[in-house]
Every structure is written in structure tokens, then in C-alpha cells.
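Everything below concerns the one structure shown next.
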Amino acid sequence: MFKTKILFIGPSESGKTVLANFLSDTTDNVGGEYRPTLGVRILEFESQPEGSGDNKTCEVELWDCSGDFKFESCWPALIKDSSGVVIIFNPDVPSHLKEIETWHSMFISSQGLQDSQCLLIAHHKPGSEVEDGRMPLASHLSRLPLIHSNLEEEPEDVRQAFCRYLGNVVNTMSESREREEMSIIT
């Protein structure tokens, strides 16, 4: 069974914890007022990645990372051994579109992750309009897969999209492992 470490990163108050709780079937902090994540929360669960070949189930370590830059000194420890990165932002907050460029630079570019190991989630808060149209993203961000999430209206669509993403991550890890094994043999 594959074990993956997925980082949920992005601006403060973008919905990272809500999505992490939903995808891991955790009920911490359901409803109520906003409470920022301090540092990181690690949620462990099993998932069935779509399109990952023989690997029916995957152990997921989902790292719900604080969006507060005061924890920036911890980021190298968070990045270590990560399999994938999901950048979550609120498309209704204009500053988030600019801020996700910083998150991309710090967590994706610096680590050399492939596009298949990354995902952008435009998380819409309850009561907001969901527009699946194009967003004014920087060119390096527009190459990444983007999904719109609204847990009130289409929660299972979000779960399926995450399982597809997880399948891409597992396939990338598997291919990398096979290349490494072949380089040892030859």
C-alpha cells in the first residue's frame, strides 16, 4: 500500500481545514466561528485513488498547514518528503490570487514537483457564487489542474476530484520508484 504525504497550503481563511476535515471524514471544528490552524494539523486516513492501477487503497497523511506567514520558519520541515501539494484559495478574495503565487514558489517550485503532483482548489464559501470560468492566474499556475469546490452544493464532486488527483500522485510516485529501482539494477 502506498503512503502519501499531501500538503494543504494557501492563504489564511481560504477553507483548508474545512476541506481537510471533509476529505478525511473528520468532524473537528464543524461549523462555528473561524479558528486559524496553528502550525499544522496532520490527518491520517485511507483513500482509493482513481486510476492508480493495482494500488486499490492508499494511506494518506494530509497536512493541513497554517496560512499564517509567522510559521514560515517551519515550512522546510513541512515540505520534507511530501508527495503532493494542494493550494487552496478563496476566489472571492482578490488578494488570494496574488498570494497563491508565493505559496507556489515556496512549496512547489522549490521542491521541483511535477504538475501532476499539484492541484489548485478554488474553494467557495457557503452562499457565494460559483463560477467555473477562467481565472486571472499567473502562467505557471494556469498549467496546474484547477477545481472549484462548494461543499454545500457538490460535495461528492470535490471528493472525486481529490481521488483523481491522488491517483496522479500515486502514479507519479510509482513511476519515480520504478526509475530509481532500474537505476540501481543497471
Could you measure the distance from the [atom1] atom of [X] to the [atom2] atom of [Y]? Nearest 0.5 Å is fine.
{"X": "Leu62", "Y": "Ser24", "atom1": "CG", "atom2": "OG", "answer": "6.5 Å"}
{"X": "Phe8", "Y": "Arg41", "atom1": "CZ", "atom2": "CZ", "answer": "10.5 Å"}
{"X": "Leu144", "Y": "Leu137", "atom1": "CG", "atom2": "CG", "answer": "8.5 Å"}
{"X": "Glu13", "Y": "Lys16", "atom1": "CD", "atom2": "NZ", "answer": "9.0 Å"}
{"X": "Leu19", "Y": "Asp64", "atom1": "CG", "atom2": "CG", "answer": "9.5 Å"}
{"X": "Leu120", "Y": "Ile108", "atom1": "CG", "atom2": "CD1", "answer": "7.0 Å"}

Backbone of [Y] reached by a side-chain donor or acceptor of [X] within 3.5 Å:
{"X": "Ser66", "Y": "Thr37", "value": "yes"}
{"X": "Thr172", "Y": "Asn168", "value": "yes"}
{"X": "Ser12", "Y": "Gly67", "value": "yes"}
{"X": "Ser105", "Y": "Glu101", "value": "no"}
{"X": "Ser142", "Y": "Ser139", "value": "yes"}
{"X": "Lys125", "Y": "Asn90", "value": "no"}
{"X": "Ser149", "Y": "Ile121", "value": "no"}

- [ ] Could you check Glu154 against Gln160 for side chain to side chain contact (heavy atoms under 4.5 Å, CB included), going step by step and ending with a plain yes or no?
- [x] CA-CA 10 Å; Glu154 302 292 342; Gln160 285 178 340; over 6 Å; no
[X], [Y]: one ILVMFWY side-chain cluster at the under-4.5 Å cut-off?
{"X": "Leu151", "Y": "Val93", "answer": "no"}
{"X": "Phe69", "Y": "Ile87", "answer": "yes"}
{"X": "Phe107", "Y": "Phe71", "answer": "no"}

Should [X] and [Y] count as side-chain neighbours, where that means a heavy-atom distance under 4.5 Å?
{"X": "Gln48", "Y": "Cys163", "result": "no"}
{"X": "Asn21", "Y": "Leu43", "result": "yes"}
{"X": "His123", "Y": "His96", "result": "no"}

Testing the basics here: between [X] and [Y], what is the closest heavy-atom pair and its distance to 0.1 Å?
{"X": "Leu113", "Y": "Ser83", "answer": "CD2-O, 4.4 Å"}
{"X": "Pro49", "Y": "Ser47", "answer": "CD-O, 3.2 Å"}
{"X": "Trp103", "Y": "Gly10", "answer": "CZ2-O, 3.2 Å"}

- [ ] Verify side chain to side chain contact (heavy atoms under 4.5 Å, CB included) between Ile147 and Tyr165, making sure each step is shown before the conclusion.
- [x] CA-CA 10 Å; Ile147 64 166; Tyr165 160 72; over 6 Å; no
Open item on the list: Check this for me: does any side-chain nitrogen of one of Asp25 and Arg159 sit under 4.0 Å from a carboxylate oxygen of the other?
Closed with: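 Between Arg159 and Asp25 there is a salt bridge, with a charged N closer than 4.0 Å to a carboxylate O.
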TODO: Let me know which of Val40, Ile6, Ile9 forms a side chain to side chain contact (heavy atoms under 4.5 Å, CB included) with Trp63.
DONE: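 Of Val40, Ile6, Ile9, side chain to side chain contact (heavy atoms under 4.5 Å, CB included) with Trp63 is met by Val40 alone.
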- [ ] Using the six-membered ring wherever Trp is involved, compare the ring planes of His124 and His148 and label them parallel, tilted or perpendicular (cut-offs 30° and 60°).
- [x]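 If you compare the ring of His124 with that of His148, the planes turn out parallel.
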Open item on the list: Checking side-chain hydrogen bond (donor to acceptor under 3.5 Å, both in side chains) between Ser82 and each of Lys5, Gln111, Glu61, Gln117, which is the one that passes?
Closed with: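 When side-chain hydrogen bond (donor to acceptor under 3.5 Å, both in side chains) is applied between Ser82 and each of Lys5, Gln111, Glu61, Gln117, only Gln111 qualifies.
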